[in-house]
Amino acid sequence: MDVITALQSRYSVRAYLPEPLPDELIGEVFDLARLAQSGTNSQPWHIAVVSGEACDELRRRLCERFDSGDRGERDFPLPADPLPDALMDRRRACGYSYYETMGVERADREGRARIARKNFELFGAPHAAFFSMPRVLGVSSAVDVGILLQTVTLLMVERGIGSIAQGALAQYADTAREVADIPEGNGILFGMSFGYTDTDDVINTVRMPREPLEAVASFVS
Ligand SMILES: Cc1cc2nc3c(=O)[nH]c(=O)nc-3n(C[C@H](O)[C@H](O)[C@H](O)COP(=O)(O)O)c2cc1C
C-alpha cells in the first residue's frame, strides 16, 4: 500500500470485531513505529498496550466512572473554552455527524451521552494503548508523540487494522495507570483503541470533511 492510499482510506474506527490481533502483528507495528522522528531525537514517548482480560477490566472501570458522572482528571489540562470560532464550528459539526448517523437528535442528551460512552467502551475494541511522555515536557514533545501516533496509525492501515486516537482516554488517567503499565512520572496525552474494523456497523460509515488547501496553507514566492 502506498502512502496516498493509506491516507485516503484511513478513518477513525468506532466499532470493532471482538477477535484479538496476533501478538506478533501488534509487536511489529509498534517496533516499526519507533522509526518515527522526534525533536533532538529525544523519543519522549511511551506506548502502553492493554489487551485480553486487562482490556476488559479497563473498559469496565472506565465505564463505571463515566456512568457515575465522575469527570476524572487529566495529566495535561485541556485548553479552556471557548476555542476560536472556526474550531468550535468544526468540533460541533464533528459531533453532529455522529448523532445524525446514529439517529440521535441534537437535543437528546441521553442519546449523546450514549455516543460519548462508546469512548470508554473502547468502541468494542480488543486492544487499547496509552501514549504518554514525562509530565515535565511541553508542547514540542507532545508534537513528537503526535507524529508517533500517525506513524502507528498508517502502519495499522497498511496491515488492515482499524484504530482511533482518543483524547477521551486521558480523562481518567489514574484508572489507566491502575491497569496499563505506564512509566512512573509520565503523563497520558491520549489513548487509542484498535483492532479489526466492524464494517457492518453504521457508525463506521461517517467520513469527516477537510478544509480546502487555501484555508490551511499559504504559499509565498
Ligand atoms: C489526538 C486525537 C484525539 C482524538 N480524540 C477522540 C476522542 O476522544 N473520541 C473520538 O470519538 N474521536 C477522537 N478523535 C478522532 C477525531 O474526531 C477524528 O480524527 C476527526 O474527526 C477526523 O475524522 P477521521 O479520523 O475519521 O478522518 C481524536 C483524534 C485525534 C487525532
Side-chain angles (χ1 to χ4, degrees), residues 3-16 33 36 44-48 50 58-59 62-63 65-66 71-79 81 83 86-102 104 111-125 127-133 139-158 161-173 175-176 187-195 197-199 201-212 215-216:
V3 178
I4 295 179
T5 310
L7 284 170
Q8 288 176 338
S9 59
R10 187 212 60 80
Y11 62 91
S12 292
V13 171
R14 291 184 173 86
Y16 292 85
W45 45 61
H46 184 271
I47 307 164
V50 182
L58 175 70
R59 199 183 332 264
L62 291 173
C63 286
R65 290 191 71 177
F66 179 78
R71 303 195 62 164
E73 198 171 343
R74 291 171 182 267
D75 295 328
F76 299 101
L78 289 176
D81 279 351
L83 301 178
L87 274 69
M88 285 301 276
D89 290 348
R90 287 178 211 147
R91 184 158 85 175
R92 276 191 211 103
C94 177
Y96 292 156
S97 296
Y98 287 102
Y99 306 150
E100 204 175 340
T101 306
M102 302 302 285
V104 168
R112 284 187 290 146
R114 233 177 12 253
I115 292 178
R117 189 183 197 269
K118 286 179 177 290
N119 275 289
F120 307 106
E121 295 164 9
L122 308 172
F123 299 105
H127 308 279
F130 293 94
F131 289 68
S132 68
M133 66 177 193
V139 175
S140 61
S141 298
V143 170
D144 296 334
V145 185
I147 290 170
L148 181 71
L149 165 69
Q150 183 67 332
T151 307
V152 168
T153 303
L154 294 179
L155 285 164
M156 286 185 171
V157 171
E158 190 187 33
I161 303 168
S163 71
I164 179 168
Q166 289 174 265
L169 292 186
Q171 188 176 332
Y172 302 118
T175 296
I188 297 166
L189 284 162
F190 48 82
M192 170 188 261
S193 296
F194 64 97
T197 302
D198 181 353
T199 49
D201 196 308
V202 68
I203 201 166
N204 282 332
T205 61
V206 176
R207 293 294 176 274
M208 288 296 161
R210 295 295 191 269
E211 294 297 311
V216 299

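Keep in mind that the numbers below use all heavy atoms, side chains included, and drop hydrogens, waters and symmetry copies. All ligand and atom numbering here is 1-based and tracks the order in the structure.
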Is the number of heavy atoms from other residues, nucleotides or ligands within 6.0 Å of CZ (R207) greater than 12? yes

Looking only at heavy atoms, the pair that brings S193 and Q166 closest together is OG-OE1, 2.5 Å

Can you find a heavy atom in the side chain of Q8 that is under 4.5 Å from one in the side chain of V157? no

Heteroatom distance test (G167, ligand 1): nitrogen or oxygen, under 3.5 angstrom: yes

For ligand 1, is there an N or O atom under 3.5 Å from any N or O atom of A165? yes

More than 12 non-hydrogen atoms from neighbouring residues, nucleotides or ligands closer than 6.0 Å to CD1 on I4, yes or no? no

Would you say R210 and ligand 1 have an N/O pair spaced under 3.5 Å apart? yes

Taking N or O atoms only and a 3.5 Å limit, does L149 qualify as a polar contact for ligand 1? no

Is the shortest side-chain heavy-atom distance between M192 and T153 below 4.5 Å? yes

Structural part of A168 in contact with ligand 1, heavy atom criterion under 4.0 angstrom: both

At under 4.0 Å between heavy atoms, which part of R14 makes contact with ligand 1: side chain, backbone, both or neither? side chain

Would the number of heavy atoms belonging to other residues, nucleotides or ligands and lying under 6.0 Å from CD of Q150 be above 12? yes

Heavy-atom nearest neighbour in the protein, as seen from atom 19 (O) of ligand 1, with distance rounded to 0.1 Å: S12 OG, 3.3 Å

Side chain, backbone, both or neither: the part of V206 lying under 4.0 Å from ligand 1 by heavy atom: neither

Side chain, backbone, both or neither: which part of F123 comes within less than 4.0 Å of ligand 1 when only heavy atoms are counted? side chain

Nitrogen or oxygen atoms of R10 and ligand 1 under 3.5 Å apart: yes

Applying a heavy-atom cut-off of 4.0 Å, say which part of I164 lies close to ligand 1: side chain, backbone, both or neither. side chain

For a 4.5 angstrom cut-off between non-hydrogen side-chain atoms, does Y11 reach N204? yes

What are the atoms of ligand 1, with element, lying closer than 4.0 Å to any heavy atom of M208? 21 (O), 22 (C), 23 (O)

Would you say the side chain of L58 lies within less than 4.5 Å of the side chain of F130, judging by non-hydrogen atoms? yes

Which atoms from ligand 1 have a heavy atom of Y11 less than 4.0 Å away? 26 (O)

Atoms of ligand 1 under 4.0 Å from any heavy atom of N119, numbered from 1 in the order shown, are 7 (C), 8 (O), 9 (N), 10 (C), 11 (O)

What about the rings of F131 and F190, do their centers lie closer together than 6.0 Å? yes

